[in-house]
J.: 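Supplied in structure tokens, the structure appears directly below.
Because only heavy atoms are used, hydrogens play no part in the values below, and waters and symmetry mates are left out as well, while side chains stay in. Quick note on labels: first sequence line is chain A, next is B, and so on, each numbered from 1.
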Amino acid sequence: MARLTEENVRLAREIIARYPRSRSATIPLLHLAQQQDGYVSNDAMVHIGELVGATSAEVFGTASFYEMFKFEPVGKYLVNICGTMSCALLGADELIHHAEHALDVKLGGTTDDGLITLERAECQAACTEAPCLQVNYRYRFRVTNESFDQLVDDLRAGRLDGEIPPHGTVARVRQRVAADRVVGAVAPADVADGPSWFDGKAAL
Amino acid sequence: MTSYPHAPGFIAGDRPQIVTSRFQYDDSFTLERYLATGGYQGLKKALGRTPTDVHDEVKNATVLGRGGAGFPAGTKWGLTPQGKWPRYLVVNGDESEPGTYKDRLLMERDPHQLIEGCLIACYAAGLSQCFLYIRGEMAVAQERVATALNEAYAAGYVGKNIMGSRFSVDIVLHWGAGAYVVGEETALIESLEGNRGMPRLKPPYFPAAIGLYGQPTIVNNVETLANLPWLLVNGAEAYTAIGTKTSPGTRMVAVSGHVKRPGVYEIINGTTTFRDLLYGDEFCQGIRNDNQLKAFVPGGGSAPWFTPEQLDLPFEASQVGPAGSMLGSGAVMVMDHTTDIPRAALTLTRFYAHESCGKCTPCREGGTWLERILSRIVDGKGTDADLDQLLEVGESICPGAFPHASSSELGLSAVPFPYRMNTICFVGPSAYAPVHSALTLFRSEFEARVTKRTRIPVSGSVS
Ligand SMILES: Cc1cc2nc3c(=O)[nH]c(=O)nc-3n(C[C@H](O)[C@H](O)[C@H](O)COP(=O)(O)O)c2cc1C
Ligand code: SF4
Ligand code: FES
């Protein structure tokens, strides 16, 4: 698929500018590419490399380390069921079993209509609400077979479109700083001294 | 955009609240509510004092790191080399240790408190830029912190000339993409530099000396920093009046698994015992269905297990260590008598094996082996030779005696924490910890599961 759109290149430049070194923006830009296309395409990685000053192989090297980046299209909804200890103690294996049957896919598979990809995930920091799952990184807690079926119905009927964006979009709010409020990132080599306010006196 | 319900799980009680005081409000994450409840007053107090003075206040309070190692924040800030600039702050919001659930609550429900904590740390330690690294899978936490940062910048609490003072610092929201090991501080820095998130070889890479871009870098956990606004408003004396001398203040603990009332509790540090937490009325109120307690993991998936014999230990590292485990990241996972122990151990070992970054052989190979052998045992396909093999693989990751709890029933005395290890970070040993605990404390459950095989059969012969 595609390189980053003009609008996304503008966003990418804004993100890059926040870091003392451009390459620090690699992961945020990979997310941007995944938001644009639903997965991270080769063209996008080449483009990200150009933007941050890395080869596309280096960008892929980074990207492939991280679970969230997909290099082929997945379902519109990625359903991750937690299978780690606290969830397993309260029925995660049974839930996964149920999900595989209900969706007629194995873990890692996508439903025939291309809507849902099912995965087993690791601890989601919601262990007191076990068993839990995430749909495109939005939680469902204390999931039962019935509430799972309801969730699938709701997803299929489009009833959750307001709450759950399609795969690729994680946070829908971005950091935005007005030009007159930002201090600005400086390459470490260009900094010789401590901050001017760090001079042994009170700042106020 | 739909507004999200609050992250569930937190249960308040009649106890001092240092970091959860605003959780009672539905709009606790807004700047408006924050300012109406004393927000940014700790920062204001700090800016009226010298950085050294503020640093001393934090040192005097002995704010223990809440990310796992329990190192005092004030001491850590003092480890940056003199005269080397710039210095950075990296906030560890990667929360992903099995059982751990507190930093996400703090980020979703009181993001301004975290932002204020970051600013106080930067001011005290002369840090010129802050990077707030949030776990990739935490969409709502990222949205809440982004919104809070945008509000705080616009209102003059972050960025140039903070609160009209000479103090200026940027906070950059950064987010990950799914890799447990990135929570390790040097891996976090690698990831923030745009690389694969693999831990760095140590020494010499202690981040306070050589961190982000090779510069001195303080890495602190979300909860650690969230303590600072209250501390600056109320002072070190009030802080140390709660808890004990060696473990002052409070700490957030998530209790999950087979208890009646699982939840995240802000407990008094140092004095609260595991028995209080599991059975107390204001906490978990006992084991589900009034079942017997079989075992519990006291400090996150990496920690060796305890049994009912250790229930009276308090949340005090100097007592939990000699008893054979650690407090780690404030995560207690509870197993009742119905628990299938080998299977429970497998859910943790599989996690660490899966999350190995592959940099060191004992972890990469050993973790996979442990998972395979344990799976085979759980599936009823193991033999008694597998039990010894689990211990041999463990020995290749952690040579020598591995920590475990005492058991009067089994006639075992405790082997104290920590262990020796052949790996760069704790992921390898963590794959072994659940296997070792399960096998040491519940060996009969493994023996009942495997086929006896006294002699390894030899197939075919040479001549
Ligand atoms: C494998 C591994 C994973 C870790 N994950 C986290 C984490 O998710 N969050 C965290 O704050 N610390 C984590 N830590 C601990 C950090 O390396 C570091 O000690 C901590 O962030 C320092 O902050 P503190 O001193 O405020 O506790 C992890 C350590 C290891 C070895
Ligand atoms: S112990 Fe495991 S996760 Fe840690 S550096 Fe070695 S291979 Fe990577
Ligand atoms: S074990 Fe499932 S959320 Fe932690």
Side-chain angles (χ1 to χ4, degrees), chain A residues 18-21 23-28 30-31 52 54 61-62 65-69 83-86 88-89 122-130 134 137-138 141 162-163 170-178 181-185 188 191-198 200-204, chain B residues 1-2 8-9 47-51 85-86 95-96 98-101 104 126 128-129 136-137 139 142-143 146-147 149-150 153 159-160 165-170 172-173 175-180 192-197 213 215 254 256-258 262-264 301 333 335 339 344 347-348 351:
Chain A
R18 293 194 196 121
Y19 297 93
R21 287 190 187 157
R23 285 175 74 146
S24 283
T26 305
I27 291 172
L30 285 162
H31 276 296
V52 305
T62 293
F65 187 78
Y66 299 90
E67 206 80 41
M68 288 175 77
F69 296 129
T84 311
M85 182 183 246
S86 307
L89 287 173
E122 301 290 9
C123 181
Q124 298 174 335
C127 321
T128 61
E129 311 306 312
Q134 289 185 323
Y137 308 106
R138 265 80 183 165
F141 303 112
E163 186 202 344
V170 187
R172 287 177 296 181
V173 183
R174 290 190 175 277
Q175 182 168 18
R176 279 278 152 76
V177 185
R181 292 290 314 129
V182 70
V183 182
V191 181
D193 298 313
S196 60
W197 45 264
F198 196 68
K201 296 194 223 90
L204 202 65
Chain B
M1 192 166 92
T2 326
L47 297 180
R49 302 165 64 176
T50 68
W85 305 101
E95 183 166 67
S96 32
T100 312
Y101 173 28
R104 184 168 72 83
S128 54
Q129 200 174 1
E137 293 96 330
Q142 292 164 25
E143 289 178 355
T147 306
L149 275 172
N150 292 350
Y153 260 103
K160 258 189 203 159
S165 74
R166 299 183 299 134
F167 176 52
S168 297
V169 75
D170 279 328
V172 177
L173 174 59
W175 60 109
Y180 162 73
L192 187 48
E193 290 183 358
N195 303 324
R196 296 168 78 83
Y213 315 126
Q215 296 299 123
S256 59
H258 296 155
V264 185
M333 293 182 278
M335 293 168 259
T339 308
T347 67
L348 288 175
F351 173 91

J.: Kindly say whether A:Ala202 contributes a backbone atom to a donor-acceptor pair with the side chain of B:Arg166 at under 3.5 angstrom?
T.: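 Yes, because the side chain of B:Arg166 sits within donor-acceptor range (under 3.5 Å) of the backbone of A:Ala202.
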J.: Between B:Ser168, B:Gly9, B:Ala179, which residue shows the highest count of heavy-atom pairs closer than 4.5 Å to chain A?
T.: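 Highest number of pairs under 4.5 Å: B:Ser168.
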J.: Please rank A:Thr26, A:Val183, A:Val170, A:Val191 by heavy-atom pairs under 4.5 Å with chain B and give me the top one.
T.: A:Val183
J.: State the CG-CZ distance between B:Asn150 and A:Arg176, to the nearest 0.5 angstrom.
T.: 8.5 Å
J.: Considering all heavy atoms of both residues, which atom of A:Ala125 and which atom of B:Tyr101 are nearest to each other, and what is their separation?
T.: O-CD1, 3.0 Å
J.: Over all heavy atoms of both residues, which pair between A:Ala88 and B:Thr347 is shortest? Give the atoms and the distance, please.
T.: CB-CG2, 3.5 Å
J.: If you count heavy-atom pairs under 4.5 Å with chain A, which of B:Val169, B:Leu348, B:Asn195, B:Leu149 comes out on top?
T.: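 Heavy-atom pairs under 4.5 Å are most numerous for B:Asn195.
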J.: Between B:Leu173 and chain A, with a heavy-atom cut-off of 4.5 Å, which part of the residue counts as in contact: side chain, backbone, both or neither?
T.: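 B:Leu173 touches chain A through backbone and side-chain heavy atoms alike.
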J.: Looking at A:Arg181, A:Met85, A:Lys201, A:Glu67, which one has more heavy-atom pairs under 4.5 Å with chain B than the rest?
T.: A:Arg181
J.: Tell me, for B:Leu192 versus chain A, whether the close heavy atoms (under 4.5 Å) come from the side chain, the backbone, both or neither.
T.: both
J.: Specify which of A:Ala178, A:Gly61, A:Ala130 makes the most heavy-atom pairs with chain B at under 4.5 Å.
T.: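 The candidate making the most pairs under 4.5 Å is A:Gly61.
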J.: Which heavy-atom pair separates A:Trp197 from B:Gly126 by the least distance, and what is that distance?
T.: CH2-CA, 3.8 Å
J.: In the structure I gave you, are the side-chain heavy atoms of B:Asp170 and A:Val182 within less than 4.5 Å of one another anywhere?
T.: yes
J.: For the CG atom of A:Leu89 and the NE2 atom of B:His258, what is their distance to the nearest 0.5 Å?
T.: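 Rounded to the nearest 0.5 Å, the CG-NE2 separation comes out at 4.5 Å.
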J.: Drop me the distance from B:Thr147's OG1 to A:Gln175's CD, to the nearest 0.5 angstrom.
T.: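 Rounded to the nearest 0.5 Å, the OG1-CD separation comes out at 10.5 Å.
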J.: Just jot down the side-chain contact (heavy atoms from CB on, under 4.5 Å) partners of A:Ala126, sequence neighbours excluded, or say none.
T.: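 Testing A:Ala126 for side-chain contact (heavy atoms from CB on, under 4.5 Å), a comparison that skips the adjacent residues, returns A:Cys132, A:Tyr139, A:Phe141, B:Arg104.
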J.: Of the backbone (N, CA, C, O) and the side chain (C-beta and beyond), which part of A:Glu129 lies under 4.5 Å from a heavy atom of chain B, both, or neither?
T.: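 Looking at A:Glu129, just its side chain touches chain B.
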J.: Chain B: which of A:Gln124, A:Glu122, A:Arg23 shares the most heavy-atom pairs with it under 4.5 Å?
T.: A:Glu122
J.: If I measure from the heavy atoms of chain A, does B:Gln129 come under 4.5 Å with its side chain, its backbone, both, or neither?
T.: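 Interface part for B:Gln129: side chain.
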J.: Mind ranking B:Gly197, B:Pro51, B:Gly263, B:Gly159 by heavy-atom pairs under 4.5 Å with chain A and telling me who comes out on top?
T.: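 If we count pairs closer than 4.5 Å to chain A, B:Gly197 comes out on top.
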J.: Please state whether the side chain, the backbone, both or neither of B:Gln215 comes within less than 4.5 Å of a heavy atom of chain A.
T.: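 Only the side chain of B:Gln215 comes within 4.5 Å of chain A.
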J.: To check you understand the geometry: which heavy-atom pair defines the closest contact between A:Ile27 and B:Ala177, and what is its length?
T.: CG2-CB, 4.1 Å
J.: Of the listed residues (B:Gly99, B:Ala344, B:Gly301), which shares the most heavy-atom pairs with chain A below a 4.5 Å separation?
T.: B:Gly99
J.: Please flag which part of A:Ala25 lies under 4.5 Å from any non-hydrogen atom of chain B: side chain, backbone, both or neither.
T.: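 The answer is neither part of A:Ala25.
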J.: Do you know which two heavy atoms are closest between B:Val172 and A:Arg18, and how far apart they sit?
T.: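 Shortest heavy-atom contact: CG2-O, 3.7 Å.
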J.: So, taking the atom named OG1 in A:Thr62 and the one named CD in B:Glu193, what distance separates them when rounded to the nearest 0.5 Å?
T.: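 The distance works out to 11.0 Å.
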J.: Looking only at non-hydrogen atoms, find the nearest pair between B:Phe351 and A:Cys123 and report the distance.
T.: CE1-N, 4.3 Å
J.: Taking B:Ser128, B:Pro98, B:Ser96, B:Ala254 one by one, which has the highest count of heavy-atom pairs under 4.5 Å against chain A?
T.: B:Pro98
